[in-house]
Amino acid sequence: MTAVTPPNAATEAFITASEAHSAHNYHPLPVVVATAEGAWMTDVEGRRYLDMLAGYSALNFGHGNQRLIEAAKAQLERVTLTSRAFYHDRFSAFCTQLAELCGMDMVLPMNTGAEAVETAVKTARKWGYQVKGVLDGRAKIVVAGNNFHGRTTTIVSFSTDHEARADFGPYTPGFEIVPYGDLTALRGAVTENTVAVLLEPIQGEAGVLVPPAGYLPAVRELTRERNVLFIADEIQSGLGRTGRTFACEHEGVVPDMYVLGKALGGGVVPVSAVVSSREVLGVFKPGEHGSTFGGNPLACAVALEVIAMLRTGEFQQRAAELGEHLHAELGLLTGTGKVTQVRGRGLWAGVDIDPSYGTGREISEKLMAKGVLVKDTHGSTIRIAPPLMISKEDLDWGLDQLRAVLAV
């Protein structure tokens with residue numbers, strides 16, 4: 001666990017080649033990962049880094065988790081893809097067990113998080129027309145400002161992030177944006193044409209923003225009163241990250257629909273899903289929605305192992321216990337003058353750095369130089385979200401490096 005030296009020629013060569021032939025849609029830290037195991041990654045020069053981002057929660061179970069790798073290997077030798085033109089022998093178990101984990105009836109599997117959100121939008125609209133009785137073409141979905149649900153054309157249409165939205169119009173209509181956590185604004189936005197309220201129980205990209213206490217239960221009550229679907233985007237917050245299977249559970253809330261992704265594929269393959277009641281997902285008929293790879297045998301095999309691991313409660317408990325320690329340690333930094341605020345739940349935190357000390361990017365680069373990988377967002381915020389299997393010793397070492405960078 002020694003300090004990391006600046007990139008040498010090998011790293012620079014990989015980065016230069018990547019920049020020459022890939023569209024510049026990301027701004028990665030200048031590290032080139034070659035191998036990874038557990039909570040640690042090793043670059044092309046043999047330098048080790050503690051992963052404190054976990055693929056934005058896609059790697060909740062760590063890099064190269066052997067249960068998941070073995071499940072994938074076994075399925076690779078049998079069949080990887082049938083398309084939904086045929087049934088396959090892993091599909092029913094996946095749908096049944098994921099529905100049970102969520103306390104729901106039905107599953108519509110997709111691949112990426114954005115695909116799942118698009119599916120949720122289509123589902124809510126179809127439910128609105130067929131079940132609620134909204135007139136054709138008038139369905140509205142209420143969303144929150146500073147949301148992050150993906151980057152497709154429809155999704156950026158209801159984003160308030162200028163970088164994600166600018167120059168991608170014309171934008172898809174049918175969405176109303178209200179401030180996150182503002183129940184009065186939400187209540188005023190719900191009309192007879194509203195078919196759904198789509199929220200992140202904790203806003204990840206916005207800086208790990210936790211809504212005010214009582215907000216989610218009030219949203220649940222309002223949506224029930226007004227015959228509106230409550231859709232919880234738990235792509236980042238779900239599947240153990242916050243110390244519960246779902247972040248909604250912290251306030252005793254069960255939405256009408258879960259949108260899942262990231263950790264559902266165990267960091268092995270992309271797997272996402274919309275999970276809801278028979279009344280809601282039952283609106284689809286054959287040919288009305290689909291995905292060639294959605295619910296493929298390989299994805300189902302890995303996701304089934306993920307579900308089995310979550311059923312034990314081990315990872316949720318670990319996230320809760322280590323998360324309490326993480327937030328206690330980070331909370332001590334708010335009195336140093338270097339950190340202005342810390343937010344989050346479980347093994348998930350947004351840390352606001354005083355802008356006079358440095359940007360989130362600058363702090364992330366300094367941490368990288370010390371062998372710790374995090375990522376910035378919105379100027380002066382860094383996000384911390386290590387794999388849930390991280391040891392307390394490694395977590396403490398990572399926090400020591402943050403204290404060293406902040407000189408506290």
Side-chain angles (χ1 to χ4, degrees), residues 84 87 91-110 113 115-143 149 154-155 158 174-176 186-187 189-201 216-235 237-239 245-249 251-261 264 271-291 294-295 300 303 307:
R84 291 295 305 281
Y87 291 97
F91 187 74
S92 61
F94 165 67
C95 292
T96 300
Q97 293 181 32
L98 183 58
E100 289 175 351
L101 184 73
C102 297
M104 300 285 184
D105 301 322
M106 300 182 78
V107 171
L108 206 172
M110 303 300 286
E115 268 189 293
V117 173
E118 289 271 0
T119 299
V121 168
K122 291 177 72 175
T123 304
R125 287 176 172 174
K126 196 166 186 65
W127 173 87
Y129 298 133
Q130 292 196 350
V131 179
K132 185 175 180 177
V134 174
L135 293 179
D136 186 49
R138 296 190 183 180
K140 298 281 186 180
I141 296 176
V142 181
V143 298
H149 298 287
T154 292
I155 293 171
F158 55 85
F175 301 94
E176 180 139 1
L186 178 62
R187 189 178 294 276
V190 174
T191 71
E192 62 183 9
N193 291 325
T194 303
V195 298
V197 173
L198 168 61
L199 296 172
E200 299 160 88
L216 293 178
V219 172
R220 175 68 284 188
E221 183 180 358
L222 172 63
T223 51
R224 280 205 183 102
E225 287 176 358
R226 304 296 294 274
N227 193 24
V228 169
L229 300 179
F230 180 12
I231 305 174
D233 180 344
E234 295 252 21
I235 292 169
S237 62
L239 307 183
T245 303
F246 304 107
C248 285
E249 292 181 56
E251 297 211 53
V253 168
V254 178
D256 295 294
M257 186 188 304
Y258 287 112
V259 184
L260 305 176
L264 189 58
V271 183
S272 66
V274 168
V275 190
S276 190
S277 66
R278 192 170 304 278
E279 178 196 30
V280 174
L281 280 175
V283 299
F284 284 108
K285 296 181 178 66
E288 293 180 342
H289 189 53
S291 165
C300 288
I307 294 165

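Excluded from the calculations below are hydrogen atoms, water molecules and symmetry mates; all remaining heavy atoms, backbone and side chain alike, are included. Bear in mind the structure is a predicted one, so any value in this text is a computation, not a measurement.
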With sequence neighbours left out, write down each residue that passes side-chain hydrogen bond (donor to acceptor under 3.5 Å, both in side chains) with Ser237, or none if nothing qualifies. Glu234

Restricting to side chain to side chain contact (heavy atoms under 4.5 Å, CB included), what partner residues turn up for Ala124, sequence neighbours left out? Ile141, Val195, Ala196, Leu229, Ile231

Sorted by chain and number, sequence neighbours left out, side chain to side chain contact (heavy atoms under 4.5 Å, CB included) with Thr191 holds for Asn193, Thr194

Summary of side chain to side chain donor-acceptor pair (under 3.5 Å) pairs that have at least one residue in residues 224-233, sequence neighbours excluded: His149-Asp233

Can you pull the salt bridge (charged side-chain N to carboxylate O under 4.0 Å, His left out) pairs that have at least one residue in residues 115-124, sequence neighbours excluded? none

Residues 123-135 vs side chain to side chain donor-acceptor pair (under 3.5 Å), sequence neighbours excluded, gives Lys126-Glu288

Can you sort out the partners of Ala218 under side chain to side chain contact (heavy atoms under 4.5 Å, CB included), two or more places apart, ordered by chain and number? Leu183

Tell me, please, which residues at least two apart from Phe230 pass ring-ring contact (aromatic ring centres under 6.0 Å, His included). none

Partners meeting side-chain hydrogen bond (donor to acceptor under 3.5 Å, both in side chains) with Glu176 (sequence neighbours left out): none

According to side chain to side chain contact (heavy atoms under 4.5 Å, CB included), who are the partners of Ser92, at least two apart in sequence or on a separate chain? none

Partners meeting salt bridge (charged side-chain N to carboxylate O under 4.0 Å, His left out) with Glu192 (sequence neighbours left out): none

How would you list, by chain and number, every residue that makes a side-chain hydrogen bond (donor to acceptor under 3.5 Å, both in side chains) with Glu279, sequence neighbours excluded? none

